[in-house]
Peer 1: 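Handing you this structure, nothing more for now.
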Amino acid sequence: MSHAPLLDIKNVTQKFGGVVAVDDLTLHVNEGEVFALVGPNGAGKSTVFNLISRFYTPANGSISFNGEQLLDLVPDRIPSLGIARTFQNIELFEQATVLQNLLVGRHRHRATNVLSELFFLPSVRREERRHRHAVEQVIDFLDLQPYRDKMIAGLPYGVRKVVELGRALATEPKLLLLDEPASGLSVEETQDMAFWIEDIQKQMGITVLMVEHDMGLVSAVSNRVMALADGKELATGTPQEVQSHPAVIEAYLGTSGIQKGGQQAEKSSAAKSAPKPAKTAAKKASAKKAVPKKAAAKKPAAKKPAARKQATRKPASARKGAKS
Amino acid sequence: MDFIQLIVSGLASGCVYGLIALGFVLIYKATEAVNFAQGDFMMIGAFICLGLTNQDFWGLNFWLAVPIAIVIMAVLGYLFDWGVLRFMFGQSQVSIVILTIAVGFILRFAAGTIWSHEPVSLETPFAGRDISLGGVVLGFDEIAIIIVTLLLTLALFIFFSRTKLGMAMQASSQNQLAAYYMGIPVKRIQSLVWALSGAVAAVAGILFASKGAIDPSAGLLGIKAFAAAAIGGFGSLPGALVGGLIIGLVEPLSARYGAPGFSQIAPYGILILVLVFRPGGLFSQTQKKKV
Amino acid sequence: MRFVFKTTYDADINLFKHKTQMGYYFALFAAVLALPLYFVWTGNPYLLGEITAVLIFAIVGMGLMLLTGQTGLASLGHAAFMALGCYSNILLLNAGVPWLIAFPLAGLIAGVVGTVIALPVLRLHGVYLALATLALSIIAGDIIVLLEAYTGGVSGIAVPDISIFGYEINKYANPYAFYYVVLAVVFIIALLYRNLLRAPTGRSFSAIRDSEISAQAMGINPTRTKAKSFFLSCVAAGLAGSLFGHSATYITHETFDLVMSITLLLMIVIGGLGFIHGAFLGAVVVGLIPVLIANGRSLLATTFGININIPGLESAMFAAILMGFILFEPMGLYGRWLKVRTYFELFPFYRKDMFRRQKSYLKTERVQ
Amino acid sequence: MSTPSTNVVLRIDNLESYYGPIMAIRGVSLEVREGQIVTVLGANGAGKTTLLKTISGVMDPEKGTVKLQGEEIQGSEPNQVVARGMVHVPEGREIFPLMTVAENIAMGAYTRSDKQAIDEDTELVYSYFPILKERRMQAAGTLSGGQQQMLAIGRGLMARPRIMLLDEPSLGLSPLLTEEIFGIIQRLNAEQKVTMMLVEQNAAVALSIANYGYVMELGRIVMADDAATLAASKDVQEFYLGISQEENQRGQRRWKQRKTWR
């Protein structure tokens, strides 16, 4: 497993006027992993996504995907390489139904041209059936059946988030960029999202790069996490390592580690069942960085996410067993 | 000398374009709608003043007639928003644009019926008087136009960028919902903007009619003012003036030095060039969406 | 209310939702085919001429609807593209090209030239695009004058008759044949339009309209897609322009003026933006209101002896009626039709406030 | 005023609201007492946002009454509601994109004219959100999503409201900032006696700072109780706090446990 990373970002810098949004950033995402970007607001996380989508052109550096240089390409060529994305504030096609939105996601697989479509030749019908079939599988996967023919304009926020995920999946990507997939979702919906991301990774074999603030979700699904601050790397590692990193706690997590369902979860069952891994993680961090005082003070914070991870992860594997 | 003369008269007519464009920009800046009837507003403003002051009609003192005409136009503008556009609140801008187009037709008809379709001149105290500066003859009307336009643009610019009401107008155009959340009475603010643009139209009309004759179809001048506003960048007040001046200068110069028929095309040619190379106009106010 | 139980993907792909709907459209088609019989019976085809004019408006209406309603690009220059088609058609016919070739070729020329002209302004949005096309429309008249050698300029040019395999069709000599020619074009364009909407290209158009940035993220090239929409729209305008020329029989530089461009945009908004039906409903309103006004006036003159002769009255009345439409039907006539249909479908469960407008708020278009 | 806790500031009776033909709130009644923090929990699409919008006059109710300090305000223009001392801080990006951050904040004080106090409050907002001070000359539309959220909240504070409606203040904010924002909400409530009505997906935090809570499902209020009691309730724990009673099975999540109130 020593092949080149799927996505390779090297020394990229992006400035807006005087503000440096991304500062000489280097990161790589390996094939098959879920990689999460965390960090304070305005740290440049979404900018990284927009750089990959080629909405921005960096001042310097290089971005390669699967061996191709993304900086040589225009934005609308990116999806054809197999990169799909969602948006932080949901950018759906408002005046269209869920089905039509997902069908637009199939655009990169289009094999017909305007002329044949004008006359709706049999080949167009065949293609349409194929697209409908592919979209139907996404609808099944995300439980979107009740909304299939509904206009986006009338849908609640949570459903829109799922539709946007569905539209990205309909493109059949190799790499999926998720910008805050759980923001604005309830605990229940966040858990659904966690299961979906896991299935996307494990069953569909899609690599995921996501930006997320809910550390519960991050630690539940991601293999590696990078914390950003002011456009620079703060820490990279497993979710536990990053969460117990003092600089990350200072700049990003805070003391009480607020997350959906986090506080209560700690108090009840979870705290009892799984304090061990968290403690070791905290120890590791303190040993490495030699700031024992702070780490000790923040120990309870570091404990929680790991505990939650246990709570959500275990059943996930249990279900997999049940499925096969 | 001839060239300078040409420039001065170009500047003067450019100022009129600029004033009409100012009216567009006011409405656009504060409501995001485009008032296709702005030229006709100007024409009506001119006719009202003319009806008040010309000897054939009421024969009022000019200095009395001007403020009355301005106030009447402001009231008309307010009433148009209050009585018609308010029903369309929150509807797409296209519908509002079409409403204003229709209003333009009606105003043209009304003006023709009331004041006839013959071209008439506004009788001003400074009509026909001029001063000569080193061989260049400057008409009082031209001087008045240039001074009034500059002052008005400056005043409006300060109003929009410095006063609370002006800021509130901009806010309610950028996001009506958020403006409401701030407690800004968006609907009343929009009516005020229409009143303001009615007043500006009256000033433009009075200046235009003092320089030459006016008839009900004079409102079609508005189309050139569109080009002026777009060249300047549709949301910018100084841009409107600059755009107006550019068009005002291009017209006589291209008529003098260009091929026949070219002067008709030149303003729009410049408009297209500006839009191609600077899609938001010279004083662009557009922004890329952040995702 | 009719619920369709879908068992195949084709149920979503087919042109008609169900058999009954197909039946309605076939009935409508049969009715328009049989319409001339009525005029043969009355012996006065004057009104048929007006209906033909409405159909011509519907053709360019569909073109503009594709551009404005589906792709979200407002054009105030479509009369110029009609002119482009019309003059191409005339020049080709005068050069001896048979009508059956000259006519589609004229559409194609309008499409290609229109797109090439519009290409630089296609990245503009909203009001800027509208103003740029407005400028194109104004310039067009002057260019026609400048090209007097070909276009006849101010003095105008006569439009040759349609000739299909030697069969001459003139609007006055054989109005019925002309009606069928126009009808055939309408039918073909409507069919192609519907086909496009259920195919990927149609979806990419509305994607561009709703969110350019996420359309891009789905691999849709905005400029190319807009150009496609513009091309197809201009082809329709060119074809309509050619037919308009045949209908007018003589055209000058003022035939396709700014007022016409504005009327076209009015038409589709009144009809209902975004719906193919809207193009037809709008064409009916815009085409027939002047006829009604003229008839009303002559009725007043003949029966009551009242002669109203105020210049500009007709256009003012026309404008007032349009204002009424916009004020009371901001969703267009097709929107009203949908309400009426829902009323009958749900009868007696329709609630009066079902379509009551909830407060709505606008955001700036300056952030794109 | 001796017993502020019994003083009802906001009272809603049998409120119904529609989005076109869809009934979004179906007869909601609730009350908010002076000095309280009241939270409304519920899944996406339960009608929480619609409820707030109907209260603040952004949407028209079909039926029912909204009484602010005893006076009926339903269906009035949103700006009149603000003038009565109720400010709605919306979710998402309802900012003025082409105006600078400072101008946005100044707009928040539109209804006020006490210049000195406005300046003080501006400084207060900047002290809460230093990044806004840093970016104050920048066009608000160029801020990042989280920064726009901060701006929306800061701007809401500028009106010095007596009662605030907060729609998902933590949307898109980092854990640290979320914590800080809830700290600010608590402080405003304690120090300035601002009554709060809070809609929030982060139910754990919302309940931890609230006095009283309502649970909405499909446009109806299905539970109402003291925040502590709600937090201890089995259903709330299961569906809004994400705590399961027994060892969770994944299957159980997909085939959802029935909510007892359905």
Side-chain angles (χ1 to χ4, degrees), chain A residues 16-17 19 21 38-47 88-89 154-159 161 180 183-192 195 213-216 249-265 268-270 308 311-312 314-320 322, chain D residues 19-22 24 41-47 49-50 91-93 131 134-135 138 142-150 168 170-180 182 201-205 207-208 231 237-254 256:
Chain A
F16 298 108
V19 186
V38 301
N41 298 103
K45 304 178 301 288
S46 291
T47 309
Q88 192 180 351
N89 273 276
L155 291 181
Y157 190 86
V159 179
K161 277 237 120 113
E180 301 199 13
S183 79
L185 297 188
S186 69
V187 177
E188 206 179 343
E189 291 159 335
T190 306
Q191 284 173 358
D192 284 342
F195 294 134
H213 284 307
D214 186 340
M215 289 310 289
I249 294 170
E250 167 116 47
Y252 177 59
L253 290 173
T255 46
S256 72
I258 286 175
Q259 54 192 256
K260 284 168 204 162
Q263 279 193 338
Q264 308 281 332
S268 61
S269 62
R308 183 171 157 70
T312 32
K314 206 164 158 198
S317 49
R319 187 193 169 223
K320 204 135 290 154
Chain D
Y19 267 121
I22 304 155
L41 307 178
N44 263 296
T49 297
T50 313
E91 65 177 319
R93 305 190 146 183
I131 188 80
E134 226 171 85
R135 302 279 163 92
Q138 199 176 317
T142 62
L143 295 181
S144 83
Q147 289 163 349
Q148 292 189 4
Q149 182 74 22
M150 292 180 224
E168 298 222 22
S170 76
L171 188 75
L173 295 186
S174 73
L176 183 63
L177 257 168
T178 307
E179 188 184 322
E180 281 173 16
F182 282 100
Q201 290 297 355
N202 199 336
V205 190
L207 283 177
S208 74
Q237 290 199 344
E238 167 76 28
F239 295 111
Y240 300 105
L241 300 173
I243 309 165
S244 54
Q245 303 306 307
E246 60 255 51
E247 260 310 80
N248 210 337
Q249 292 293 312
R250 184 166 184 181
Q252 202 177 356
R253 282 290 310 116
R254 285 283 163 104
K256 286 173 188 168

Peer 1: Please rank D/Gly45, D/Gly47, D/Ser174, D/Gly146 by heavy-atom pairs under 4.5 Å with chain A and give me the top one.
Peer 2: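 Of the options given, most contacts go to D/Ser174.
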Peer 1: Does D/Gln149 reach the main-chain N or O of D/Glu168 with its side chain, forming a donor-acceptor pair under 3.5 Å?
Peer 2: yes
Peer 1: For A/Glu188 and D/Tyr240, indicate whether the former's side chain and the latter's backbone hold a donor-acceptor pair under 3.5 Å.
Peer 2: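 It does not hold such a pair.
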Peer 1: Which one, D/Leu173, D/Thr50, D/Leu177, leads in non-hydrogen pairs under 4.5 Å with chain A?
Peer 2: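 Ranked by heavy-atom pairs under 4.5 Å with chain A, first place is D/Leu173.
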Peer 1: Quick one: what part of A/Val159 sits under 4.5 Å from any heavy atom of chain D, side chain, backbone, both or neither?
Peer 2: neither
Peer 1: Identify which part of D/Gln138 has an atom lying under 4.5 Å from any heavy atom of chain A, answering side chain, backbone, both or neither.
Peer 2: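 The side chain, not the backbone.
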Peer 1: Any donor and acceptor pair, going by atom type alone, linking the side chain of A/Glu180 with main-chain N or O of A/Gln88 inside 3.5 Å?
Peer 2: no
Peer 1: Examine whether an atom of A/Ala251 lies under 4.5 Å from a heavy atom of chain D, and if so say whether it belongs to the side chain, the backbone or both; otherwise answer neither.
Peer 2: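 When you check distances to chain D, only backbone atoms of A/Ala251 fall under 4.5 Å.
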Peer 1: Side chain to side chain contact (heavy atoms under 4.5 Å, CB included) with A/Thr47: which residues, sequence neighbours excluded?
Peer 2: A/Gln14, A/Phe16, A/Ala21, A/Val22, A/Leu51, A/Tyr56
Peer 1: Tell me every residue that passes side chain to side chain contact (heavy atoms under 4.5 Å, CB included) with D/Thr49, counting only those two or more places apart in sequence or in another chain.
Peer 2: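 Partners of D/Thr49 under the side chain to side chain contact (heavy atoms under 4.5 Å, CB included) test: D/Lys53, D/Glu91, D/Asp167.
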Peer 1: Is it the backbone or the side chain of D/Ser144 that comes under 4.5 Å from a heavy atom of chain A, or both, or neither?
Peer 2: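 Just its side chain gets close to chain A.
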